[in-house]
J.: 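This is the structure I have questions about; it appears just below.
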Amino acid sequence: MKKDFHAIIAAMTAEEKVALLSGSGLWRTASFPQHGISDIVMTDGTYGVRYSTSQIEQGENWHISDFLAVIGQSAGEVEQEEQKGGSEALFSKSKPATCFPNGSTLACSWDVDLVYQMGEALAKECQEMGVGILLGPGINIRRTPLAGRGYEYYSEDPVVSGDVAAALINGLQDGGVGASLKHFAANNSEYRRTEMDSVVEERALREIYLSGFKRAIDKSTPWTVMSSYNRLNGVQTSQHHWLLTEVLRNEWRYDGLVMSDWYGIKDRPASLLAGNDLAMPETQRDKQELLQAIERGEIPTEVLDTACLRMLTLIDKVQRHRKPGTKADYPQHHRLAQQLAAESMVLLKNEGNILPLLAGKKTTIAVLGKPAQEPVIQGSGCATTVPYMLDRPLDEIFEVAGNDFQIDYAIGTPDDNHVDPLAQAHAVELASKADVAVVFVSTAIGEDGENGDRRDLNILPSHEALIRAVAKRQPNVVVVLANSDAVVMPWLSDCKALLETFFAGQGMGRAVADILFGRANPCGKLTVTVPNTLEETPAWLDYPGENLRHHYSEGLYVGYRYYDRRKLTPQFPFGFGLSYSQFSYAKLATSVTELEEGQPLTVSVEVTNRGDRAGKEIVQLYLTAPQGDLAREVLALKTFAKVHLEAGESKTVTMTLEWPDFACFHPGMAAWVVDPGEYQLHVARSSRDIALSTVVKLCAKPYYLPLKVDNSLQQLIATPSAFDRVVKLLVSKNGLPEALMREKLIAIAPDLFCGLFIALTEFLAIDITQQELEAALAEPAAV
């Protein structure tokens, strides 16, 4: 029987409503047996289930030592055996679960079908553990590679971010577990994250930083959205009415629940009034402040009861989708983690086709580096997952290589923080006797995580030293890199091949082995631009800001948009990735050559695998807009498709663009607009490798900016309806015929340098008031 939520709310006291809209402890919501309301459990994270038995089942509080261990982990703060998965501080405190590839890796698969399967798997593990809401995915734009939580996020581009997030959410929620899309919004740095004010112009905010959220919401309808810690243009996001109500609810029509990030509320009454329904976790101060505001009449009953209705709706949805007795198939999930890792790793360099390593071609292999035995598979922070299983690259290399290769191993870098001359010399000696050296390197463990950003973009100095030392004695060097986000690569010329894994989860080891030996054909492509130096990155001049203000001065020129606008050549461009196959493009076609307003456009292209093995290609569709009132990007990704092709096979790939895909946000009109004209469509292998281009003409209606009295006469003439109204006003004052008045104004317009009101009153001596002119310029209200 469906519950009458309105009757329940009517029967609740103010104290009960406050409790309903607050957490109960750290990870639960409140229960009210007297009203038939049970609690629900929620927990982190974005790529695995981090279930703390003591905190969730025994109700233990999150002691400060636990909190600091989670968010402030550094490489030397725990014993090495606790870091086998990559700086997990809570191995003894959380249940094992599948540690899937982190966001920075996962998105490089560009594979929404596989990501959906990951969501399904996460749902099963949540159902087994009794978790109703998984606190992810996180999709903040990777504006700077220094950002501490960049490893959790998907891309520098909102299209990739939104589509990958939607796939994960759909898989998770189809399995009966709610998602929490986070962190809303402009939480693009961990530097002083609870204090900093992200100062973003509205156009960049709309087109870049909010766009991925809207895309994910439109395609998946997450059960919850989580507000972020930071301020946005001067207002705390958890109490930002424009963000949470005007945009999220009124414009986007989102009807789910908004919750705070943990301890993210600064002013509980203000947050509720702004549209932040649930405050997490439970704090007595927040509850007391909200109750007192209710008693003073500062919280309208409608606002309070609407939030309670959203909360009851969420609890009911979670309870109705509970599947008691669910048993997750962890071995199967491990295989999925391996597949996702293999599909997501990006082959950045393969000089002389040194990879794959084939029997009879390179038979003696020196495997070097501590990460070969102790893989770095994830970042540090609240998303950290205790892996149910763990593939060690060295073990997997031995297994996959079999008897066809001789494998020798040297640690090379036993101490991440210092070069060990003896260990390095042993590794170099081993490498010099081999046909090829595979060197595993990483960034510093624990420097990527919550509440702090990376200091630089370097890999560990000891690891870089190992690459350089080995390259002096062995020309055939393959580097396997583990890192949270982009790194600089002054050592790139010292290797012939580079496999980028980012943080690839518990199946990373097997995926690396399969790619090295050709059992898997690499198909991942970058979802960020890899810079040559930190100083050339778009946010560099204003990062991390000053006086607690972080100005996003690059505007919408984030990532590849910035490199394209400045005509800079990055180390590796957005969308780039090599394969053991080669793909050609032909027969680019569009459904129409002239697009009417509101009409979708279908784009098709034939892709052929010219290689000798099966492979997958990621087809990227970019747009170049005509010159309009606003500056546009050189290229902007609009959609993509991933296609599997057998050797020699051809397939036609079809993609669809909707009318809004051609729009940009015009802050002067506070609206999305589409300029008429010719738009170039580019089918590309990456943002810097366009295969084919074509043109489509958009028959969009012209739009006109609101005029003011200090606009020029030429601007008035270019706005027909306003020009008509002003001419009528002037004729009413001096009695000239309309045609003659028009001719007179058009004739003198190019020579007038002053504003419209001055031109009409001083130069033409027409007796009008500023108020009369303002009334004539204003568009009549729609009836």
Side-chain angles (χ1 to χ4, degrees), residues 158 185-186 199-215 217-218 232-235 240-254 552-558 561 565 595-599 623-633 636 638 657-679 697-727 729 749 755-757 770-771 773-783:
V199 183
V200 196
E201 291 291 336
E202 187 175 8
R203 186 179 174 204
L205 184 62
R206 295 274 193 169
E207 293 190 29
I208 303 294
Y209 298 100
L210 298 184
S211 180
F213 283 95
K214 185 179 188 302
R215 194 174 181 95
I217 289 169
D218 287 346
L232 174 60
N233 293 330
V235 181
H240 206 306
H241 188 272
W242 177 85
L243 181 68
L244 302 182
T245 295
E246 294 179 38
V247 173
L248 180 63
R249 297 199 185 282
N250 297 346
E251 291 184 27
W252 298 358
R253 301 299 178 190
Y254 176 71
Y552 288 46
S553 60
E554 72 278 9
L556 60 86
Y557 298 108
V558 179
R561 292 167 166 84
R565 176 60 66 184
L595 197 63
E596 299 297 329
E597 189 153 348
Q599 185 180 1
L623 180 73
T624 299
Q627 182 62 48
D629 188 53
L630 297 175
R632 298 289 291 266
E633 311 98 323
K638 292 300 173 181
L657 296 181
E658 302 294 339
W659 185 262
D661 290 324
F662 297 92
C664 65
F665 186 83
H666 201 307
M669 300 187 67
W672 291 87
V673 298
V674 175
D675 287 306
E678 292 188 340
Y679 287 73
K697 181 179 179 181
L698 265 65
C699 304
K701 296 176 184 177
Y703 59 87
Y704 303 100
L705 293 174
L707 294 176
K708 299 179 181 179
V709 296
D710 54 357
N711 284 121
S712 70
L713 182 52
Q714 286 180 300
Q715 288 171 306
L716 172 65
I717 294 169
T719 310
S721 60
F723 187 38
D724 289 343
R725 293 193 299 273
V726 171
V727 167
L729 171 65
L756 184 58
F757 182 67
Q770 184 168 316
Q771 290 73 23
L773 181 57
E774 287 174 344
L777 293 174
E779 285 287 340
V783 178

J.: With rounding to the nearest 0.5 angstrom, report the CD1 to OH distance, Ile208 to Tyr557.
T.: 10.0 Å

J.: May I ask you to decide if Ala776's main-chain N or O and Arg725's side chain share a donor-acceptor pair within less than 3.5 Å?
T.: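 It does hold such a pair.
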
J.: Please find the pair of heavy atoms, one from Leu210 and one from Leu243, that lie closest to each other, and give the distance.
T.: CD2-CD1, 3.9 Å

J.: To check you understand the geometry: which heavy-atom pair defines the closest contact between Pro158 and Arg215, and what is its length?
T.: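 Smallest interatomic distance, heavy atoms only, reads O-CD, 4.0 Å.
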
J.: Looking only at non-hydrogen atoms, find the nearest pair between Phe662 and Arg632 and report the distance.
T.: O-NH2, 3.3 Å

J.: Closest heavy-atom contact between Trp659 and Ala700?
T.: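 For Trp659 versus Ala700, the nearest heavy atoms are CZ2-CB, 3.8 Å.
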
J.: Looking at every heavy atom in both Ala204 and Gly555, which two are closest together, and how far apart are they?
T.: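 For Ala204 versus Gly555, the nearest heavy atoms are CB-C, 3.4 Å.
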
J.: Say you draw a straight line from CG of Leu556 to CG of Leu205; how long is it, rounded to the nearest 0.5 Å?
T.: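 Leu556 atom CG to Leu205 atom CG measures 11.5 Å (nearest 0.5 Å).
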
J.: Consider side-chain contact (heavy atoms from CB on, under 4.5 Å). Of Leu716, Leu707, Val726, which one does Leu773 pass it with?
T.: Val726

J.: Could you give me the CA-CA distance, side-chain angles and deciding distance for Glu246 and His241, then say whether side chain to side chain contact (heavy atoms under 4.5 Å, CB included) is met?
T.: CA-CA 7 Å; Glu246 294 179 38; His241 188 272; 3.5 Å; yes

J.: Out of curiosity, Gln627 CD to Glu678 CD, how far, rounded to the nearest 0.5 Å?
T.: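 Result: 14.5 Å between the selected atoms.
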
J.: Verify, without hydrogens or angle tests, whether Glu207 (side chain) and Phe665 (backbone) share a donor-acceptor contact under 3.5 angstrom.
T.: yes

J.: Which heavy atom in Tyr552 sits nearest to a heavy atom in Ala186, and how many Å separate them?
T.: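 Between these two residues, the closest heavy atoms are OH-O, 3.2 Å.
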
J.: For the atom pair CG (Asp218) and CH2 (Trp252), what is the distance rounded to the nearest 0.5 Å?
T.: 8.5 Å

J.: Would you say Glu597 has more than 12 foreign heavy atoms packed within less than 6.0 Å of its CD?
T.: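 Result for CD/Glu597: enclosed.
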
J.: Is the backbone of Phe757 close enough, under 3.5 Å, to the side chain of Asp710 for a donor and an acceptor to pair up by distance?
T.: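 No; zero donor-acceptor contacts below 3.5 Å.
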
J.: Going by heavy atoms in the side chains, are Met669 and Pro706 under 4.5 Å from each other?
T.: yes

J.: Would Lys638 and Glu658 count as a salt bridge (Lys or Arg N to Asp or Glu O under 4.0 Å) here? Give the steps.
T.: CA-CA 10 Å; Lys638 292 300 173 181; Glu658 302 294 339; over 6 Å; no

J.: So Glu202 and Asn233, do their side chains get closer than 4.5 Å, heavy atoms only?
T.: no

J.: Does the side chain of Val709 come within less than 4.5 Å of Leu756's, by heavy atoms?
T.: no

J.: Once you round to the nearest 0.5 Å, how far does NZ of Lys708 lie from CG of Asn711?
T.: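 Interatomic distance, Lys708 NZ to Asn711 CG, rounded to 0.5 Å: 8.0 Å.
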
J.: Evaluate Asp675 against Tyr703 for side chain to side chain contact (heavy atoms under 4.5 Å, CB included), listing each step before the verdict.
T.: CA-CA 8 Å; Asp675 287 306; Tyr703 59 87; 2.7 Å; yes

J.: Just so I know, are the side chains of Leu630 and Pro667 near enough to count as touching, which here means a heavy-atom distance under 4.5 Å?
T.: yes

J.: Quick one: CZ on Arg253 to CD1 on Ile217, what's the gap to the nearest 0.5 Å?
T.: 13.5 Å

J.: Do Val673 and Cys664 have side-chain heavy atoms sitting under 4.5 Å apart?
T.: yes

J.: Considering only NZ, NE, NH1 and NH2 on the basic side and carboxylate oxygens on the acidic side, decide whether Glu251 and Arg206 come within less than 4.0 Å.
T.: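 Between Arg206 and Glu251 there is a salt bridge, with a charged N closer than 4.0 Å to a carboxylate O.
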
